[in-house]
Amino acid sequence: MMSATAEATNRDSVIEQHSIDSALHTERRWAEPRATSEVAPHVLAENDIPSLTPGMMKAIEEEELLQEWERFLDVQTWALGESEVAWLRSREFGTGRGVLEVGSAAGGYGAFLARNFSGTRIFGVESNPHLARRFRRSKAAPPNYSIEVSKIGEDPIPKAVRGRFDRCVLRFVLQHVSDPARVLRAVHDALPVGGRIYVIEEDLSFLTTRPDWEPFQLTRDAWLRVTAAGGTDGVIGSKLPGLATEAGFTVDDLNIVLRNNVEMGTAFGDYLTSVIRLLQKNSPDLVTEEEVRTVVDGFEASRDDHAGHFVATYPQFLMMATKVADRTHRHPRRPGHGVRVH
């Protein structure tokens, strides 16, 4: 029989090897970057500009759905924003001329950043005028934050913003466009040499739970169904270094952070509850109200048991990359430098 010490050592070795294997596997996947997301063909066919089909966020204009998206994005900022700000601050996010935020939605996250980096001017751009209008009706916007309507990669950079930034943040944006490399190329062209991008994404293929946890599994399955049908690339996280390199950037740093229910406590279940509620409102033909009730009840029943019987992970990919030269004169180094798996 194996001793307790030997069991712990063996378990730690397995975990460490899994992290190494995951990093190596991810690096192999980066070696062959894909310029386009995995967008459902019917979504492309229905859109006037197939190169920048905005995934499951396309054509959001109904008030009820706009409100649901805004609620979800607020919960997302509350649950994940603090650790993201710590990462951004440690990588000189607020030390430049100004920041371009691509994909501002209704401005909740951009306003959150502006309050945390009060000495930095943040310029938001949003392609959906209905979402941008909600921000303009808000009276709580900080003075160092604004939003312009523009589709980066298709429209010119707005005149009010042009030349006023040397940083750019894209948070959960690239997964919603069918040609993320095109968006990154547009950002690359707009940045000065030495400018940086900060990309925050997820990769649903890294969602795991041990042992099985029903509300988590139901949320994961619904998430994968809706993203696949709606044209959102839910597994874009591991493609980021290849996409950035293809667009002309040099990848400086990539963190793969496995947020989990033990670390996040009740915020973990609250976040995933907001996810499945949004998925049901967004795609009622794919997610039933009964599934939502089961998830809500399941997470509520386990609110006080996050350090005990199960562990579930939610993966975040945080990448920083630099424009070292104009694209016609670039000499990118191999992607994957500075990878960290947590």
Side-chain angles (χ1 to χ4, degrees), residues 11 15 19 56 64-90 105-113 115-116 140 171-172 175 200-227 232 234 237 255-283 287-318 341-342:
R11 182 175 63 251
I15 292 172
S19 297
M56 58 185 280
E64 185 179 2
L65 190 52
L66 285 166
Q67 289 178 2
E68 194 65 41
W69 268 100
E70 197 166 2
R71 279 193 291 268
F72 163 70
L73 294 171
D74 285 346
V75 172
Q76 188 182 65
T77 297
W78 165 75
L80 307 174
E82 184 177 342
S83 64
E84 294 168 359
V85 164
W87 176 76
L88 290 168
R89 200 180 300 280
S90 70
Y109 187 71
F112 170 78
L113 285 182
R115 285 189 288 270
N116 278 275
R171 180 182 186 257
F172 303 125
Q175 63 179 273
I200 299 173
E201 277 292 354
E202 59 200 1
D203 191 320
L204 303 185
S205 64
F206 284 70
L207 288 170
T208 59
T209 176
R210 294 291 185 277
D212 293 343
W213 190 15
E214 184 184 28
F216 179 87
Q217 288 178 305
L218 286 173
T219 304
R220 178 188 59 194
D221 294 345
W223 210 341
L224 291 170
R225 285 199 308 273
V226 172
T227 54
T232 285
N255 278 273
I256 305 171
V257 184
L258 298 180
R259 307 297 304 272
N260 62 81
N261 62 296
V262 176
E263 167 226 342
M264 292 177 66
T266 57
F268 188 87
D270 291 342
Y271 176 50
L272 293 184
T273 295
S274 73
V275 167
I276 198 159
R277 282 179 168 149
L278 172 67
L279 295 174
Q280 198 281 322
K281 290 288 187 183
N282 196 90
S283 304
V287 183
T288 67
E289 292 183 356
E290 182 179 353
E291 286 178 292
V292 175
R293 284 193 296 271
T294 301
V295 168
V296 172
D297 292 345
F299 282 129
E300 183 61 33
S302 56
R303 284 189 71 83
D304 299 323
D305 196 23
H306 285 277
H309 297 85
F310 38 72
V311 174
T313 62
Y314 165 74
Q316 279 198 288
F317 283 63
L318 302 96
V341 181
H342 301 282

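- Contact detail for Val262 and Asn260: the closest heavy-atom pair is N-OD1, 3.0 Å.
- Proximity of Leu204 to Arg220: side-chain heavy atoms (C-beta onward) are nowhere separated by under 4.5 Å.
- In this structure, the side chains of Leu279 and Val275 come closer than 4.5 Å at one or more pairs of heavy atoms.
- With sequence neighbours excluded, the residues forming a side-chain contact (heavy atoms from CB on, under 4.5 Å) with Glu214 are Leu218, Thr294, listed by chain and number.
- Between Leu258 and Thr208, every side-chain heavy-atom pair lies at or beyond the 4.5 Å cut-off.
- Remark: side-chain polar atoms of Ser283 are not paired, donor with acceptor, to backbone N or O of Gln280 under 3.5 angstrom.
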### Message
side chain to side chain contact (heavy atoms under 4.5 Å, CB included) for Asn116 and Leu88? Distances and angles first, verdict last.
### Response
CA-CA 10 Å; Asn116 278 275; Leu88 290 168; over 6 Å; no
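- With sequence neighbours excluded, the residues forming a salt bridge (Lys or Arg N to Asp or Glu O under 4.0 Å) with Arg259 are Glu263, listed by chain and number.
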### Task
Check the pair Leu318, Val257 against side chain to side chain contact (heavy atoms under 4.5 Å, CB included), reporting the backbone distance first and the verdict last.
CA-CA 8 Å; Leu318 302 96; Val257 184; 3.6 Å; yes
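- Glu64 is linked by a salt bridge (Lys or Arg N to Asp or Glu O under 4.0 Å) to Lys281, counting only residues two or more places apart in sequence or in another chain.
- Note that CE of Met264 and OG1 of Thr266 are 9.0 Å apart. Values are rounded to the nearest 0.5 Å.
- Between the CG atom of Asn255 and the OG atom of Ser83 there is a distance of 10.5 Å, given to the nearest 0.5 Å.
- Residues forming a side-chain hydrogen bond (donor to acceptor under 3.5 Å, both in side chains) with Ser274 (at least two apart in sequence, or on another chain): none.
- Between Asp203 and Phe317 the shortest side-chain heavy-atom distance falls below 4.5 Å.
- Under the side-chain hydrogen bond (donor to acceptor under 3.5 Å, both in side chains) criterion, Arg89 pairs with no residue, sequence neighbours left out.
- Taking the side chain as every heavy atom from C-beta outward, Thr209 and Gln217 approach each other to under 4.5 Å.
- By the side-chain contact (heavy atoms from CB on, under 4.5 Å) test, Thr288 is found to be paired with Glu290, Glu291, residues two or more places apart in sequence or in another chain being considered.
- A heavy-atom distance below 4.5 Å is found between the side chains of Ile276 and Val287.
- Residues satisfying the salt bridge (Lys or Arg N to Asp or Glu O under 4.0 Å) test with Glu202, not counting sequence neighbours, are none.
- Phe172 and Tyr109 have their aromatic ring centers separated by at least 6.0 angstrom.
- In this structure Arg115 satisfies the salt bridge (Lys or Arg N to Asp or Glu O under 4.0 Å) test with no other residue, sequence neighbours excluded.
- Between Glu201 and Gly237, the shortest heavy-atom distance links the atoms CB-CA, 4.4 Å.
- Atoms CZ and OG1, on Phe268 and Thr313 in that order, are 6.5 Å from each other to the nearest 0.5 Å.
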Can I get a per-line list of side-chain donor-acceptor pairs under 3.5 Å for residues 74-81, giving both atom names and the distance, sequence neighbours left out?
{"from": "Gln76", "atom 1": "OE1", "to": "Arg171", "atom 2": "NH1", "distance (Å)": "3.2"}
{"from": "Gln76", "atom 1": "NE2", "to": "Tyr271", "atom 2": "OH", "distance (Å)": "3.2"}
{"from": "Thr77", "atom 1": "OG1", "to": "Leu73", "atom 2": "O", "distance (Å)": "3.0"}

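- The side-chain hydrogen bond (donor to acceptor under 3.5 Å, both in side chains) test applied to Asp270 returns Arg303, not counting sequence neighbours.
- Relative orientation of the Phe216 and Trp213 rings is parallel, given thresholds of 30° and 60° on the angle between their planes.
- With a 6.0 Å radius and a threshold of 12 heavy atoms from other residues, nucleotides or ligands, Arg277 has its CZ atom at or below the threshold.
- Atom CG of Leu278 is separated from atom OG1 of Thr273 by 12.5 Å, given to the nearest 0.5 angstrom.
- In this structure, Tyr314 OH and Leu207 CG are separated by 8.0 Å, a value rounded to the nearest 0.5 Å.
- When the side-chain contact (heavy atoms from CB on, under 4.5 Å) test is applied to Glu82, no partner is found at least two apart in sequence or on another chain.
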